[in-house]
Amino acid sequence: MKHVVDTGLPPPKQPFSWAVKGTGALLFTAHGPVRPDGSIDTGPIAQQARLTFANLRAAVQAAGGTLADVTQVLVYMTDVADMPAIDAVYREFFEAPYPNRSSAAVAALVVPGMKIEIVAYAMV
């Protein structure tokens, strides 16, 4: 059985939930640079990444955990050259031992100008 976590983030405009807790402790979550008013930040990559990881932190905290509980992060970016900036922001939110991570460059994300989207799993 699943439970949708109230993250405090604005309702998604697409048919998905920001965070879903499965049976037990596993939390499934996905985020992008969504502002509190529901608009998408299309500014510089560091700014988008910071907002994206802040949204992840809010979702994990709403489920009763911390970023230390995150076990895996999948990073999708539209430009592989943005990886150093994303890594710098990532280190603002996570510390060693880091979650398992995979990063991939994609042709585009759903919203024009959106440069990053993440999927993360946590044990809370």
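Both cation-pi conditions hold for R101 and Y90: the charged atom is under 6.0 angstrom from the six-membered ring centre and inside a 45 degree cone around its axis.
Put simply, the side chain of T29 gets close to the backbone of W18: a donor and an acceptor are under 3.5 Å apart. Between the T52 side chain and the E117 main chain, no donor and acceptor come within less than 3.5 Å of each other.
Shown here is N100, whose CG atom has more than 12 heavy atoms of other residues, nucleotides or ligands within 6.0 Å.
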Step-by-step side-chain contact (heavy atoms from CB on, under 4.5 Å) determination, L56 to F94:
CA-CA 11 Å; L56 169 61; F94 295 101; 3.9 Å; yes
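Under the 4.5 Å side-chain criterion, counting only non-hydrogen atoms from C-beta, V70 is not in contact with F53. No side-chain heavy atom of F28 sits less than 4.5 Å from a side-chain heavy atom of K2. By the 4.5 Å heavy-atom criterion applied to side chains, L9 and H31 are counted as neighbours. Side-chain contact check for D79 versus K115: every heavy-atom pair is 4.5 Å or farther apart.
Residue L26 is not grouped with residue I118 when hydrophobic side chains (ILVMFWY) are merged at heavy-atom distances under 4.5 angstrom, including chains of intermediate members.
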With a 3.5 Å cut-off and sequence neighbours excluded, list the donor-acceptor pairs that the side chains of residues 32-39 form with protein atoms.
| unit_1 | atom_1 | unit_2 | atom_2 | d |
| --- | --- | --- | --- | --- |
| R35 | NH1 | S39 | OG | 3.0 |
| R35 | NH1 | I40 | O | 3.2 |
| D37 | OD1 | S39 | N | 2.8 |
| D37 | OD1 | S39 | OG | 2.6 |

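Between atom CG of residue D69 and atom CD of residue Q61 there is a gap of 10.5 Å, rounded to the nearest 0.5 Å. Taking OG1 from T23 and CE from M1, the interatomic distance works out to 8.5 Å, rounded to the nearest 0.5 Å.
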